[in-house]
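What follows is one structure encoded as structure tokens, with my remarks underneath.
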Amino acid sequence: MDAIMSLCKRRGFIYQASEIYGGINGFWDYGPLGALMKRNLREAWWQDMIMNPAWGRKGPNGEAVRCVPVETCIIQHPKVWEASGHLAGFADPMRKCAKCGHFVRADQYWDTLVESSEWFNSLIQEFEPAPMGTQTPGLDSSRMMKWARGKGKKLAPNLALVRNPEVTLSWLATRVNGQPNVPPDVQEIVRHVATEQLNATGLQEPCPRCGGELGAPAQFKLMFETWAGLTQTDDNKVYLRPETAQGIFVQFKNVVDTTRVKIPFGIGNTGKSFRNEITPRNFTFRSREFEQAELEFFCHPDESHAWYQFWRDFRMEWWRSIGLSSDNLILREHDKDELSHYSTGTCDVEYRFPFTAPGYGELEGVAHRGNFDLTQHQKHSGAKLEYFDQERGELLPNGSRKGERYLPHCIEPAAGLDRGVLALICEAYTVDPARPSPEFMKFHPRIAPIKAAVFPLVNKDGMPEKAEALHAELNKRFGRQGLIETDPKQTIGKRYARMDEAGCPYCFTIDGQTMTDQTITVRDRDTGSQERIAIDKVAEFLGEKLGE
RNA sequence: GCGGGCGUAGCUCAGUGGUAGAGCGCUACCUUGCCAAGGUAGAAGUCGAGGGUUCAAGUCCCUUCGCCCGCUCCA
């Protein structure tokens, strides 16, 4: 991975954001080649999902797949995120241990303690089992003292009971003798052993890991906040979207009402999203600002599972078609218990990145979302989002249908473009020590930022002029798709090697023979092999390779 | 947030408290007739940042930022 990151920097694929200021955690910029490559990926998605969805295939309903685009705002009405569940889901109250910095979800505190706290499970064995019909375990202060000085010291060094057993245990006699009829339960006992100075601090709750006292629950803000308006008041608070999908759901009705689309159809949206990841890591894989390419495909509930399978299979095939062809790419269906209650299927397209291996990292999620989102927005906004399907319902005497009103179900293939670029880079990166240029990038021609290069074999004898003419011709025809390079300087091997490292699939070289018979050599990046073709067939050759 | 590692030229990395280095790459010229060939010259550095110790700090100490790894988290 280090070698890949180093190449990314060296050749201008990916830079650290704000690098001259020391960088900023969780943000990355694309250099010239990276920006071209990402554009190629976005463009491929756009072509194959919006302009010519699923390569013109028929869907499970037997008709061509129809999709339209939208481009929605990063900032939406705050209620959008309330309705979608992000505001609640993205802000789990967490408690932080003052001693070791460990985080615990406040709502799962006791479960976490019982399930995963070593010291708690050790300490509890020092209690006598509670007699039948009571909540009170038998307590023995000398056993607890012994535990505090032995096991406790190792397992829970910051627990009050361990730091100061005499003081901490002093409550015990008072408490038990004072209220013999209301014996303490386990939670109360735990609070007491975490409390050194009852009068000063009140009862405390211990960290499941080290026993130190936990702070009050604090909101974890996973959404970026800002203010729409000049004053930073709660009234003006807005959020940067954590996913592009909600913009689609919110505009669903408008698209239906204004563009003559008919169910089933999809709405696509690409753009930046933002999440305050707790731990941005693994190069660009988990960034705080990232770009998504999402399609929300709306269909009748009865057809939804068939469409789910359709998109799941197509998306897998699509990633393969642009270069992720090895078995590093897998499709993982979520288990039944992993599914949301409204979903009948979700899968991830996953790639085995060098930093996840032997595991996999998610590239794209294909989710059956049911009508969850439209239901939520209908409820929160009060707007009617139902679709009136004139092709369904019982057959009327006049031959038309009565129609059916329903909330469509939705299949969501949601791809991460930055993760896509990263996977394509990892997949393309190849080292072959047998080659003169051992390090090279095997990009699919459709994705490659540099599409071709034209070289004079040597910089004299009319070759550079000839090369310049061919370069101009190719550039005119293919320059919109990507870079067409040319370079008359230095030895041919060096120029080939440079192109290999940038992932340029084809080099066309003018040599002495060109002068006499009007042929040039084509060098294939992956094999290094060469063939001669006529100079006036070069554009045709390249067009074919680029999939025109 | 914790623990570990790292941070010196575009890249990979040397550098013992005492003048800032190498290889590759890059630029120019020469040479060059198919795979990072050779020669000559050149440009390129806030030694991550800030503070401290010292006559003197890339080197020692403290703080901080970033990257990588392991925990933790991941709707």
Side-chain angles (χ1 to χ4, degrees), chain A residues 1-12 14-28 31 81 84-92 94-105 108 112 116 158 207-210 212 215 218 220-223 242-243 245-246 275-286 288 340 354-356 361-362 365 367 432 434-440 455-461 463 488-501 507-515 520-525 527-530 532:
Chain A
M1 196 61 211
D2 288 349
I4 292 173
M5 290 174 68
S6 153
L7 186 141
C8 281
K9 166 89 186 278
R10 181 156 31 99
R11 294 311 306 250
I14 296 171
Y15 307 130
Q16 202 178 359
S18 309
E19 188 183 292
I20 61 170
Y21 287 99
I24 174 164
N25 194 354
F27 297 88
W28 300 87
W81 309 114
S84 69
H86 287 90
L87 203 51
F90 264 44
D92 297 324
M94 301 289 281
R95 303 182 65 180
K96 185 185 169 189
C97 171
K99 292 287 191 301
C100 75
H102 184 73
F103 284 98
V104 187
R105 277 184 62 157
Q108 295 174 1
T112 308
S116 62
N158 296 324
C207 169
R209 188 155 73 176
C210 76
F220 247 47
K221 309 242 180 181
L222 271 62
M223 276 198 288
E243 64 170 30
Q246 297 306 323
R275 297 179 193 184
N276 245 328
E277 300 288 354
I278 298 171
T279 313
R281 205 169 272 197
N282 288 328
F283 203 24
T284 59
F285 183 77
R286 180 165 289 151
R288 288 180 164 149
S340 317
F355 48 79
T356 57
E362 181 186 348
D432 179 358
R435 286 166 61 112
S437 52
E439 224 178 9
F440 66 109
F455 297 140
L457 182 60
V458 288
N459 196 13
K460 60 180 184 183
D461 300 339
M463 292 180 213
K489 302 194 168 177
Q490 302 210 309
T491 61
I492 192 70
K494 246 181 207 190
R495 285 176 280 165
Y496 285 156
R498 261 201 288 259
M499 286 300 119
D500 282 351
E501 206 180 53
C507 294
F508 304 110
T509 302
I510 278 71
D511 58 16
Q513 198 180 326
T514 311
M515 301 301 156
I520 54 95
T521 64
V522 186
R523 172 183 178 275
D524 181 87
R525 175 196 63 207
T527 62
S529 65
Q530 294 183 40
R532 292 202 82 85

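Note that the structure is a prediction, hence the values are computed from the model and not measured. The sequence lines fix the lettering, A, B, ..., with proteins before strands; numbering per chain opens at 1.
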Inset, instruction - Measure from CG on A/Leu457 to P on B/A37 and round the result to the nearest Å. - result: 14 Å

Legend entry - Gap between atoms CG and P, on A/Asp2 and B/G66 respectively (whole Å): 19 Å

Inset, instruction - For the side chain of A/Arg281, starting at C-beta, report the closest nucleotide among B/A36, B/G1, B/G33. - result: B/G1

Close N/O contacts between protein and nucleotides 41-46 of chain B (under 3.5 Å):
from  : atom 1 : to      : atom 2 : distance (Å)
B/U46 : O4     : A/Ile20 : O      : 3.4

Legend entry - Sugar-phosphate only, base, or nothing, as touched by A/Arg435 at under 4.0 Å among non-hydrogen atoms: nothing

Inset, instruction - Record whether the side chain of A/Arg523 comes under 3.5 Å of the base of B/C35 through a donor-acceptor pair of N or O atoms. - result: yes

Legend entry - Below 4.0 Å: OP1/OP2 of B/U31 and any side-chain N or O of A/Asn459: no

Inset, instruction - For the residue pair A/Arg435 and A/Asp500, establish whether any side-chain heavy-atom pair is separated by less than 4.5 Å. - result: yes

Inset, instruction - Rounded off to whole Å, could you give me the CD-to-P distance for the A/Glu277 and B/U72 pair? - result: 17 Å

Legend entry - Minimum heavy-atom distance between A/Asn25 and A/Pro280, given as atom pair plus value: OD1-CG, 3.6 Å

Inset, instruction - Check the angle between the aromatic planes of A/Tyr496 and A/Phe455 and answer parallel, tilted or perpendicular using the 30° and 60° thresholds. - result: tilted

Legend entry - N-O pairing of A/Glu439 and A/Arg10 below 4.0 Å: yes

Legend entry - Nearest-neighbour nucleotide for the A/Pro436 side chain, B/C67, B/C34, B/A36 considered: B/A36

Legend entry - d(CZ, A/Arg11; C1', B/C24) in whole Å: 14 Å

Inset, instruction - Scan every strand shown for a Watson-Crick or G-U wobble partner of B/C34, both distances under 3.5 Å, and answer none if you come up empty. - result: none

Inset, instruction - Return yes if some donor-acceptor pair links the side-chain N/O of A/Arg288 with the main-chain N/O of A/Glu277 below 3.5 Å, else return no. - result: yes

Legend entry - Nearest-Å distance once atom C1' is located in both B/A20 and B/G39: 27 Å

Legend entry - Test item: A/Asp511 side-chain N/O and A/Gln513 main-chain N/O as donor-acceptor pair under 3.5 Å: yes

Inset, instruction - Provide the distance between the two P atoms, one in B/C62 and one in B/G10, to the nearest whole Å. - result: 29 Å

Inset, instruction - Rounded off to whole Å, could you give me the CG-to-P distance for the A/Asp500 and B/C34 pair? - result: 18 Å

Inset, instruction - Determine the contact category for A/Phe355: base if any of its heavy atoms lies under 4.0 Å from a base atom, sugar-phosphate if only primed atoms, P, OP1 or OP2 are that close, otherwise nothing. - result: sugar-phosphate

Legend entry - Separation of the C1' atoms in B/A49 and B/A57, to the nearest angstrom: 16 Å

Legend entry - Closest nucleotide among B/C73, B/A36, B/G33 to the A/Asp461 side chain: B/G33

Inset, instruction - Between B/C2 and B/G58, how far apart are the P atoms? Round to whole Å, please. - result: 29 Å

Every protein N/O lying under 3.5 Å from an N/O of nucleotides 28-30 of chain B:
from  : atom 1 : to       : atom 2 : distance (Å)
B/A28 : OP1    : A/Lys489 : NZ     : 2.8

Legend entry - Nucleotide opposite B/C55 in a Watson-Crick or G-U pair, distances under 3.5 Å: B/G18

Inset, instruction - For nucleotides B/U16 and B/G7, find the distance between their P atoms and express it as a whole number of Å. - result: 13 Å

Inset, instruction - Can you tell me, in whole Å, how much space there is between the C1' of B/U46 and that of B/C65? - result: 15 Å

Legend entry - Spacing of A/Met463 atom CE relative to B/C34 atom P, expressed in whole Å: 10 Å

Inset, instruction - Check every strand shown and say whether A/Gly26 touches a base, only sugar-phosphate, or nothing at a heavy-atom separation below 4.0 Å. - result: sugar-phosphate

Inset, instruction - Would you mind reading off the distance between A/Arg495 atom CZ and B/C35 atom P, rounded to a whole angstrom? - result: 12 Å

Legend entry - side-chain N/O A/Thr491 vs B/U32 OP1/OP2, d < 4.0 Å: no

Legend entry - Base B/C34 paired with A/Gln530 side chain (donor-acceptor, <3.5 Å): yes

Inset, instruction - May I ask you to evaluate whether A/Asn25 reaches the phosphate of B/C65, defined as a side-chain N or O under 4.0 Å from OP1 or OP2? - result: no

Inset, instruction - Tell me, with the steps shown, if A/Met499 and A/Arg523 meet side chain to side chain contact (heavy atoms under 4.5 Å, CB included). - result: CA-CA 11 Å; A/Met499 286 300 119; A/Arg523 172 183 178 275; 5.7 Å; no

Inset, instruction - Sticking with atom C1', work out how far B/A43 lies from B/C29, rounded to a whole angstrom. - result: 15 Å

Legend entry - Strand partner of B/C71, provided both Watson-Crick or wobble distances fall under 3.5 Å: B/G1

Inset, instruction - With ring-ring contact (aromatic ring centres under 6.0 Å, His included) as the test, would you mind laying out the steps for A/Phe285 and A/Phe355 before giving the verdict? - result: CA-CA 10 Å; A/Phe285 183 77; A/Phe355 48 79; 5.7 Å; yes

Legend entry - Any donor-acceptor pair under 3.5 Å from A/Trp28 side chain to A/Ile14 backbone: no

Legend entry - Complementary nucleotide of B/G66, counting Watson-Crick and G-U pairs under 3.5 Å: B/C6

Inset, instruction - Could you grab the distance from atom CZ of A/Arg525 to atom CD of A/Glu501, nearest 0.5 Å is fine? - result: 13.0 Å

Inset, instruction - Kindly point out which of B/C35, B/A36, B/C71 is positioned nearest to the side chain of A/Tyr496? - result: B/C35

Inset, instruction - Ignoring the backbone of A/Pro438, work out which of B/A36, B/G33, B/C67 is nearest its side chain. - result: B/A36

Legend entry - B/U27 - base-pair partner by Watson-Crick or wobble geometry, distances under 3.5 Å: B/A41

Legend entry - Which atom of A/Trp81 lies closest to which atom of A/Gln246, heavy atoms considered: CZ3-CG, 3.4 Å

Legend entry - Over all atoms of both residues, closest heavy-atom pair of A/Pro354 and A/Met1: CG-SD, 3.7 Å

Inset, instruction - Could you work out the separation of B/G50 and B/G38 based on their C1' atoms and round it to a whole Å? - result: 48 Å

Inset, instruction - Select from A/Met1 and A/Gln16 the residue whose nearest nucleotide in RNA chain B is closer to the 5' end of that strand. - result: A/Gln16

Inset, instruction - For A/Ala497 and A/Ser437, work out which heavy atoms get closest and say how close. - result: CB-CB, 3.6 Å

Can you name the atoms? Protein N/O to nucleotides 6-11 of chain B N/O, anything below 3.5 Å, with the distance.
from  : atom 1 : to     : atom 2 : distance (Å)
B/G10 : O3'    : A/Lys9 : NZ     : 3.4
B/C11 : OP1    : A/Lys9 : NZ     : 2.5
B/C11 : O3'    : A/Ser6 : OG     : 3.1
B/C11 : O2'    : A/Ser6 : OG     : 3.2

Legend entry - Gap between atoms CH2 and P, on A/Trp28 and B/G66 respectively (whole Å): 11 Å

Legend entry - Taking every non-hydrogen atom, the tightest pair across A/Met463 and A/Ile510: SD-O, 3.6 Å

Inset, instruction - Would you classify A/Ile492 as touching base, sugar-phosphate or nothing, given that sugar-phosphate means primed atoms plus P, OP1 and OP2, and contacts are heavy atoms under 4.0 Å? - result: sugar-phosphate

Inset, instruction - May I ask you to decide if A/Gln490's main-chain N or O and A/Arg495's side chain share a donor-acceptor pair within less than 3.5 Å? - result: yes

Legend entry - Comparing A/Ser437 and A/Ile24 on RNA chain B - which has the more 5′ nearest nucleotide: A/Ser437

